[in-house]
Amino acid sequence: MSRLKKAEPEVQQLTTRHVRLMAESLEVTERTVWRWLAAAERDESAAAEPGARAQSKDRFSVTPEVRRLLALWKGNVAAVHRELTARAAKGEGEPPPSIPTLHRAIRRDLTPGERAGLAGGQRAARKHDVFLARPRGWRNQVWETDHVQAAVLVDVDGKARRPWITWFTDCATNAITGVAVTPGDPSRESVLAALRSAVLREDPYGPFGGLPEKVRVDRGKDFLSRTVTAAFDLLDVTVEDLPAYTPHLKGTVEGLNRAVEGMFLAALPGYARQPRPGKRASGPKGEVLLGFEDFTARLLAWTLWWNTEHQPAPLRGRTPLEAWQDDPTPLRDVPATDLWTFALEDAGTRTLTTRGIRFRKRDYVGPWMTGQAGIQVRVRFMPHHDHRIEVYHATTGRYLGPADLADQATEEQVSAVRRARAARSRRLKKDLEVSQRERYAAVDRPEAPRRLGALTTAQAEAELAQATGADLSDLALRDLIPPAAPPAGWRTPASLAALTTPGLPAPVPSGRDSAYAQSGPDGRTAQPTTDEDGEAL
């Protein structure tokens with residue numbers, strides 16, 4: 001730069017014009033370009049990488065200890081600096097650099113994914129990963145399935161609940177092949193219901209369906225249950241169990257889970273994640289929730305719109321229906337009656353008696369059972385549908401018919417039982433909360449915790465008496481029939497001898513101890529053999 005100032009005025013003006021053009025092309029200031037030129041004059045190696053900070057052997061780098069502290073303090077660099085400073089004051093290490101230097105070192109030595117992972121865990125780190133896209137394949141080559149809890153409160157028998165959605169989607173066409181909605185927690189029954197609607201192609205399920213070649217699941221216990229895996233085996237469908245915490249391996253159904261909330265659920269009344277004024281995320285007062293039946297109808301209508309009108313980006317302007325119809329891959333269909341058999345759980349064989357079929361300590365009867373008592377049958381049932389079973393001949397496997405629960409309670413009786421159970425649960429919960437609620441005094445200096453809540457002597461005695469009266473062991477009358485007196489040769493403490501009944505014969509021991517109570521020639525019990533100290537041998 002000093003040589004530039006000593007140059008001729010014309011050359012200096014020409015250089016200034018070049019620096020201005022260079023600054024405009026690189027989108028930096030002219031002062032930055034002059035600083036780069038000055039650095040290149042001092043060190044020719046700086047001209048190879050203008051603007052790079054000079055390398056130094058004393059430059060601070062992120063060490064494994066700094067990485068551990070970043071994970072401990074959730075990425076808080078200031079807290080890491082305080083921790084390093086405190087350790088250096090104790091002589092446990094070198095003093096750390098300044099906070100800006102520590103920030104620069106972390107940004108330089110750690111990738112954005114590593115910084116996010118140290119601050120928020122593996123899920124946050126995955127947001128910075130790059131994933132490859134699978135080939136589209138052909139229809140029914142691979143399906144993906146999953147449960148998702150709808151972010152909408154729905155009225156279910158007078159209670160606000162968030163229903164669960166179980167669906168199957170085709171990876172090649174992005175079509176939703178099957179869907180099932182459950183008011184409560186999903187189970188294997190939800191998977192079987194969604195699978196039935198996914199495989200069938202007759203009204204009202206078609207035209208999507210048929211048997212897939214493979215189904216991807218995410219280690220859910222419902223998808224890997226014995227009943228579901230047996231159904232897939234009978235249908236000749238391969239189940240691919242994905243590793244845990246790998247949602248990117250089934251991106252089609254995960255994308256559908258995100259899309260249904262932003263495109264459908266967010267506009268419904270009772271949306272649970274709607275921004276609310278105040279601190280609590282509660283819904284507005286007087287909000288009318290959808291009924292479960294109405295919610296299911298709207299979800300099925302949205303599913304139809306997704307399949308027939310929506311144009312996902314991977315399909316390049318086509319709807320899932322158009323992509324499905326343009327694919328010439330042949331389909332494998334299963335009759336509805338056979339599919340119903342595959343979707344049932346086997347309960348083994350039973351004997352048909354005059355009272356019907358005994359299953360789970362209850363009797364099931366059907367009109368077709370007349371004259372059939374005495375035959376061996378095989379029972380199959382839909383999980384959690386305990387009001388009806390399906391009966392097959394044990395030898396031939398021929399379907400005989402359904403059997404309904406005998407003496408089934410009315411809806412009024414079931415409602416009354418549920419109300420009684422709910423009241424009992426509320427009482428028990430309240431009692432447990434009262435018994436476990438302990439308050440402690442606040443402290444402003446280190447001291448032992450001090451419980452709050454004083455009792456008088458009378459209150460303590462009354463509560464202990466009530467608790468004692470509830471213990472059955474305390475109600476036993478131990479002195480109603482005193483134990484018999486021990487044999488005369490035994491050394492019995494005076495306190496125990498006073499509690500025995502004299503004159504009653506002692507019980508004769510049995511087994512190998514009977515040698516101690518053998519009868520003598522006169523019929524009396526022989527005395528046990530003792531040593532010189534009087535102890536029994």
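Note that the structure is a prediction, hence the values are computed from the model and not measured.
- By the salt bridge (charged side-chain N to carboxylate O under 4.0 Å, His left out) test, Arg298 is found to be paired with Asp294, residues two or more places apart in sequence or in another chain being considered.
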Name each donor-acceptor pair under 3.5 Å that joins a side chain in residues 316-325 to protein atoms two or more places apart or in another chain, with its distance.
unit_1: Arg318; atom_1: NH1; unit_2: Asp326; atom_2: OD2; d: 3.3
unit_1: Thr319; atom_1: OG1; unit_2: Glu322; atom_2: N; d: 3.2
unit_1: Glu322; atom_1: OE1; unit_2: Thr319; atom_2: N; d: 3.2

Just list the side-chain donor-acceptor pairs under 3.5 Å for residues 155-166, sequence neighbours left out, or say none.
unit_1: Asp155; atom_1: OD1; unit_2: Gly158; atom_2: N; d: 3.0
unit_1: Arg162; atom_1: NE; unit_2: Ala150; atom_2: O; d: 3.0
unit_1: Thr166; atom_1: OG1; unit_2: His147; atom_2: ND1; d: 2.6

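- A donor-acceptor pair under 3.5 Å is absent between the side-chain atoms of Thr396 and the main chain of His393, judged by distance alone.
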Yes or no on side chain to side chain contact (heavy atoms under 4.5 Å, CB included) for Leu331 and Arg201, after CA distance, side-chain angles and deciding distance? CA-CA 10 Å; Leu331 303 176; Arg201 295 200 302 129; 3.5 Å; yes
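- Contact record, Phe381 with Ile389: CB-CG2, 4.1 Å, taken as the closest heavy-atom pair.
- Between Arg355 and Asp363 there is a salt bridge, with a side-chain nitrogen of the basic residue lying less than 4.0 Å from a carboxylate oxygen of the acidic one.
- Within the 4.5 Å cutoff, the side chain of Leu299 has no heavy atoms near those of the Thr296 side chain.
- Pro314 and Arg136 make their closest contact through CB-NH1, 3.6 Å (heavy atoms, listed as atom of the first residue, atom of the second, distance).
- You'll find the side chain of Cys171 stays beyond 4.5 Å of the side chain of Gln141, heavy atoms only.
- Residues Val377 and Leu400 have side chains in contact (heavy-atom distance under 4.5 Å, counting atoms from C-beta outward).
- Every residue meeting the salt bridge (charged side-chain N to carboxylate O under 4.0 Å, His left out) condition with Arg362, not counting sequence neighbours, appears here in chain and number order: Asp386.
- Under the side chain to side chain donor-acceptor pair (under 3.5 Å) criterion, Thr173 pairs with Asp170, sequence neighbours left out.
- Partners of Asp185 under the side chain to side chain donor-acceptor pair (under 3.5 Å) rule, at least two apart in sequence or in another chain, do not exist in this structure.
- One distance of note links CZ of Phe232 with CZ of Phe223; it measures 8.5 Å at 0.5 Å rounding.
- In this structure the side chain of Pro247 reaches within 4.5 angstrom of the side chain of Arg126, judged on heavy atoms.
- Atom CD of Gln372 is surrounded by more than 12 heavy atoms from other residues, nucleotides or ligands within 6.0 Å.
- Side-chain contact check for Leu242 versus Arg219: every heavy-atom pair is 4.5 Å or farther apart.
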Please evaluate residues Asp222 and Arg188 with respect to the criterion salt bridge (Lys or Arg N to Asp or Glu O under 4.0 Å), reporting the C-alpha separation (whole Å), side-chain torsions for both, the decisive distance (0.1 Å), and the verdict. CA-CA 5 Å; Asp222 303 327; Arg188 60 188 186 276; over 6 Å; no
With side chain to side chain contact (heavy atoms under 4.5 Å, CB included) as the test, would you mind laying out the steps for Leu211 and Val199 before giving the verdict? CA-CA 6 Å; Leu211 290 179; Val199 172; 3.8 Å; yes
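- No donor-acceptor pair closer than 3.5 Å links the side chain of Glu390 to the backbone N or O of Arg380.
- The distance from the CG atom of Asp218 to the CG atom of Leu249 is 10.5 Å, given to the nearest 0.5 Å.
- The ring pair (Phe, Tyr, Trp, His ring centres under 6.0 Å) check on Phe295 picks up nothing, with sequence neighbours excluded.
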Please determine whether side chain to side chain contact (heavy atoms under 4.5 Å, CB included) holds for the pair Val237 and Trp143, giving the CA-CA distance in whole Å, both sets of side-chain angles, and the decisive distance to 0.1 Å. CA-CA 10 Å; Val237 176; Trp143 285 2; over 6 Å; no
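- A pairwise comparison of heavy atoms in Met369 and Ala403 identifies CE-CB, 3.6 Å as the closest pair.
- The minimum heavy-atom distance linking Pro212 with Arg332 is given by the pair O-NH2, 3.0 Å.
- Considering only heavy atoms from C-beta on, Val152 stays 4.5 Å or farther from Phe264 through its side chain.
- Of all non-hydrogen atoms in Gly210 and Asp333, the two that sit nearest each other are CA-OD1, 3.9 Å.
- Under the side chain to side chain donor-acceptor pair (under 3.5 Å) criterion, Arg273 pairs with Glu261, sequence neighbours left out.
- Among residues two or more places apart in sequence or in another chain, the ring pair (Phe, Tyr, Trp, His ring centres under 6.0 Å) test is passed with Phe292 by none.
- Looking at every heavy atom in both residues, Tyr364 comes nearest to Arg388 through CE2-N, 4.2 Å.
- Residues that satisfy the ring pair (Phe, Tyr, Trp, His ring centres under 6.0 Å) test with His310, not counting sequence neighbours, are Trp305, Trp306.
- Distance CD1/Ile176 to OG1/Thr303: 4.5 Å, rounded to 0.5 Å.
- Each side chain to side chain donor-acceptor pair (under 3.5 Å) pair with one or both residues in residues 229-241, not counting sequence neighbours, appears once here: Arg216-Glu240.
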Could you walk me through whether Val217 and Thr145 pass the side chain to side chain contact (heavy atoms under 4.5 Å, CB included) test, one step at a time? CA-CA 6 Å; Val217 299; Thr145 180; 3.5 Å; yes
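- For the pair Arg378 and Asp346, the minimum side-chain heavy-atom distance is below 4.5 Å.
- Taking CD from Glu189 and CG from Leu192, the interatomic distance works out to 7.5 Å, rounded to the nearest 0.5 Å.
- Atom CZ of Arg123 sits in a sparse spot, with 12 or fewer heavy atoms from other residues, nucleotides or ligands closer than 6.0 Å.
- Counting only heavy atoms from C-beta outward, the side chains of Val154 and Leu289 never approach each other to under 4.5 Å.
- Note that NZ of Lys74 is 8.5 Å distant from CG of Leu72, once rounded to the nearest 0.5 Å.
- To the nearest 0.5 Å, atoms CG (Asp146) and CD (Glu254) are separated by 5.0 Å.
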Residues Glu213, Trp138; criterion side chain to side chain donor-acceptor pair (under 3.5 Å); working and verdict: CA-CA 10 Å; Glu213 299 178 15; Trp138 54 90; 3.1 Å; yes
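- Side-chain contact check for Ser190 and Thr182: at least one donor-acceptor pair (N or O, by modelled atom type) lies under 3.5 Å.
- The closest donor-acceptor contact from the side chain of Thr169 to the backbone of Ala175 lies under 3.5 Å.
- For residues 401-428, no residue pair satisfies the ring pair (Phe, Tyr, Trp, His ring centres under 6.0 Å) rule, not counting sequence neighbours.
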